[in-house]
Amino acid sequence: MSATAQAPATDLSEKQRRILSYLREKGQMKTYFKSRLIGEELGLSAKEVGTNMTAICEGDFDVDVEKWGYSSGTTWKVTV
């Protein structure tokens, strides 16, 4: 791993890094994620996930995240 590849991730908070890591791992098997379910897995509230997801959506990472739906909680479309 080069320092250049890691540089953008270091700008993330601890919660954002945990969410990104979760999405990298689970995104290989799944495409859509609800904030509530991510939060349950990581010990965060759905609101914390949604708030921290913005940095991941706007960042330049190996994971594409797009806000997808709002019915019964926010759904995220994840492409790894």
Side-chain angles (χ1 to χ4, degrees):
M1 249 185 275
S2 73
T4 309
Q6 290 292 74
T10 59
D11 293 340
L12 297 176
S13 71
E14 172 62 26
K15 288 178 186 177
Q16 292 162 348
R17 285 194 297 272
R18 287 174 51 209
I19 293 168
L20 181 59
S21 177
Y22 175 85
L23 295 175
R24 281 180 174 143
E25 179 185 340
K26 303 292 184 178
Q28 309 241 352
M29 299 171 275
K30 235 173 112 168
T31 303
Y32 297 95
F33 296 87
K34 290 208 170 281
S35 290
R36 177 179 50 84
L37 298 177
I38 294 170
E40 286 175 7
E41 290 276 331
L42 300 178
L44 304 170
S45 71
K47 186 174 182 175
E48 285 176 300
V49 172
T51 300
N52 286 290
M53 198 68 89
T54 304
I56 297 168
C57 290
E58 294 173 355
D60 186 22
F61 302 105
D62 56 344
V63 175
D64 267 344
V65 180
E66 177 183 349
K67 196 178 252 187
W68 194 254
Y70 302 94
S71 62
S72 63
T74 303
T75 300
W76 303 93
K77 180 182 179 189
V78 177
T79 308
V80 177

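This structure is a prediction, so every number in the text was calculated from the model and none was measured.
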Hey, are the side chains of [X] and [Y] touching, using non-hydrogen atoms and a 4.5 Å cut-off?
X: Lys77; Y: Thr31; result: yes
X: Phe33; Y: Thr75; result: no
X: Arg24; Y: Val80; result: no
X: Leu12; Y: Ile19; result: no

Show, in sequence, the C-alpha distance, side-chain angles and deciding distance for Val78 and Tyr32, and conclude whether the side-chain contact (heavy atoms from CB on, under 4.5 Å) test is met.
CA-CA 6 Å; Val78 177; Tyr32 297 95; over 6 Å; no
At what distance, to the nearest 0.5 angstrom, does [atom1] of [X] lie from [atom2] of [Y]?
X: Leu37; Y: Leu42; atom1: CG; atom2: CG; answer: 11.0 Å
X: Tyr22; Y: Leu44; atom1: OH; atom2: CG; answer: 11.0 Å
X: Lys67; Y: Ser35; atom1: NZ; atom2: OG; answer: 8.0 Å

Side-chain donor/acceptor of Thr51 to backbone N/O of Lys47, under 3.5 Å
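Looks like yes, one N/O pair under 3.5 Å.
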Quick check: closest heavy atoms across Gly43 and Arg18, and the distance to 0.1 Å?
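Result for this residue pair: N-NH2, 4.3 Å.
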Return the minimal non-hydrogen interatomic distance between Ile56 and Gln16, and the atom names on each side.
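Taking Ile56 first and Gln16 second, the nearest heavy atoms are CD1-O, 3.5 Å.
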Take Trp76 and Leu23 through the side-chain contact (heavy atoms from CB on, under 4.5 Å) test and state the conclusion after the steps.
CA-CA 10 Å; Trp76 303 93; Leu23 295 175; over 6 Å; no
Decide yes or no on side-chain contact (heavy atoms from CB on, under 4.5 Å) for Met53 and Ile38, but give the supporting numbers first.
CA-CA 11 Å; Met53 198 68 89; Ile38 294 170; 3.8 Å; yes
More than 12 heavy atoms of other residues, nucleotides or ligands under 6.0 Å from NZ of Lys34: yes or no?
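Above 12, so yes.
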